[in-house]
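Numbering starts at 1 and runs along the sequence shown.
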Amino acid sequence: MRSIPPITQRALMALTAVTAVGLAMGCSSRSLNNAPVQDRGTSSSRPSQVGVPAPVDTSGLKPLPVFDNAGKPGYYTVKPGDTLIRIGLDAGQNFRDVVRWNNLENPNLIEVGQVLRIVPPGSDNPLVVVRPVTSGMQGTTTAAPALRPASAASNPLAAASSPQPTASSPQPTATEDDIAWIWPAQGKLIAGFDELKNKGYDIDGNAGDPIIAAGDGRVVYAGAGLRGYGNLIILKHNNTFLTAYAHNQTLLVKEDQSVKKGQKIAEMGNSDADRVKLHFEIRRQGKPVDPAKYLPAK
């Protein structure tokens, strides 16, 4: 038997080693490629990818009945940044009534797109408040106005063409507009009403100056839950008017408390404001109105 030259012997050993490595890699490759694959069904039953929601079968789902009321009179669709206090103020309602009318378990949890009732149950149809014509703002409210469906009889043009009352006709009685308002603070006016920039009056003063109720009413809110208003009091005077008193240093009344015109309800301050002042609003059916139309001349 012939001997193998040293060089050839080394080459043969290297070839054997390479072959062994190749076989090992081949076995490893076959074991990975042949791993069993679990069938997870159709795409509708697979877990969703990150950031991609899984398909949901909505054939059996129906929107909550309340959503059918979106856009109807007497209902409000929640927008980003809304709070029940703000919604109540803009609707001219006590926010706690809004909570009750909508059976809300947690008044701090409302969602964008949620539809809320903002009128009492049974008041879904558009109504016209029929008020007799009066001269001036004197007198106090003693009875709520009649609420009737809109009709030709409530049309101002039709009313103008109707016969005028004679001396024997019943005289008009006080209405909800007949509130003898008074100024809520004694300071000078530093900012007037602007429908876009300032929804009321800003009245100057010193910290601790008395803030008084501009008319008889009931406290429907007392707290600091409405951003931009600081320590705030909201009074409801009747079914038409609310007044708001903002930036107070101290609140002296509580919710559901009845107050009289001229009663001290707070002390002036600068909570959530750049200076000591009272921000005062009159809201008619939730809409801010110019206090100059209601307050006596100073």
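- Rounding to the nearest 0.5 Å places CG of D90 at 13.5 Å from CD of Q285.
- Scanning all heavy atoms of the two residues, the minimum distance from I182 to P296 falls at CA-CD, 4.3 Å.
- Between T240 and I179 there is no side-chain heavy-atom pair separated by less than 4.5 Å.
- For the side-chain hydrogen bond (donor to acceptor under 3.5 Å, both in side chains) condition, the pairs that include at least one residue of residues 79-89, sequence neighbours left out, are Y76-D82.
- Nearest heavy atoms, Y294 versus I282: CB-CD1, 3.9 Å.
- Formation of a donor-acceptor pair under 3.5 Å by the D216 side chain with backbone atoms of K261 is found in this model.
- Exactly one residue among L252, V253, I212, T250 makes a side chain to side chain contact (heavy atoms under 4.5 Å, CB included) with I265. That residue is V253.
- E267 CD: more than 12 foreign heavy atoms inside a 6.0 Å radius.
- Q263 is listed as a side-chain neighbour of Q257, based on a closest heavy-atom distance under 4.5 Å.
- When the shell of 6.0 Å around CZ of R100 is examined, it contains more than 12 heavy atoms from other residues, nucleotides or ligands.
- Inter-residue side-chain proximity for I87 and F95 is flagged as unmet; no heavy-atom pair is nearer than 4.5 Å.
- For K260, the NZ atom counts as loosely surrounded, since its 6.0 Å shell holds 12 or fewer non-hydrogen atoms of other residues, nucleotides or ligands.
- Between the CD1 atom in I234 and the CG atom in L242 there is a gap of 7.0 Å [rounded to 0.5 Å].
- Here the CG atom belonging to D202 is positioned 8.0 Å from the CG atom belonging to L189, to the nearest 0.5 angstrom.
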Step by step, work out the side-chain contact (heavy atoms from CB on, under 4.5 Å) result for N102 and I110.
CA-CA 11 Å; N102 292 277; I110 56 174; over 6 Å; no
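- Contact of the I85 side chain with the Y229 side chain is not registered, since no non-hydrogen atoms from C-beta on lie closer than 4.5 Å.
- When hydrophobic clusters are built by joining Ile, Leu, Val, Met, Phe, Trp and Tyr residues whose side-chain heavy atoms come closer than 4.5 Å, directly or via intermediates, V219 is grouped together with W181.
- Applying the side chain to side chain donor-acceptor pair (under 3.5 Å) test to Y201 and every residue at least two apart in sequence or in another chain returns nothing.
- Considering CD of Q93 and NZ of K236, their distance stands at 4.5 Å, rounded to 0.5 Å.
- The side-chain contact (heavy atoms from CB on, under 4.5 Å) check on K199 picks up E281, R283, P288, with sequence neighbours excluded.
- Using a 4.5 Å heavy-atom cutoff, the side chains of L104 and L84 are in contact.
- Two residues are said to be in side-chain contact when any heavy atoms from C-beta on lie closer than 4.5 Å; M268 and V276 meet this criterion.
- In plain terms, the two heavy atoms of H279 and G200 that are nearest each other are CE1-N, 3.8 Å.
- Side-chain contact between N270 and R275 is absent, with no heavy-atom pair separated by less than 4.5 Å.
- Remark: side-chain polar atoms of Y245 are paired, donor with acceptor, to backbone N or O of A214 under 3.5 angstrom.
- Here the side chains of T243 and H237 are in contact, with some heavy-atom distance below 4.5 Å.
- When every heavy atom of I211 is checked against every heavy atom of A185, the shortest pair comes out as CD1-CB, 4.1 Å.
- Looking at N231, its side chain never comes within 3.5 Å of a backbone N or O of A224 through a donor-acceptor pair.
- Atom CD of Q249 and atom CG of L278 lie 13.0 Å apart (nearest 0.5 Å).
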I203 and W183: side-chain contact (heavy atoms from CB on, under 4.5 Å), yes or no, with the steps?
CA-CA 10 Å; I203 302 173; W183 283 76; 4.0 Å; yes
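- Between the CG atom in D256 and the CG atom in N94 there is a gap of 7.0 Å [rounded to 0.5 Å].
- Across all their heavy atoms, A70 and T77 have their closest contact at CB-OG1, 4.0 Å.
- Closest heavy-atom contact between L232 and A244: CD1-CB, 4.1 Å.
- Crowding of K298 atom NZ: a count of heavy atoms from other residues, nucleotides or ligands under 6.0 Å exceeding 12.
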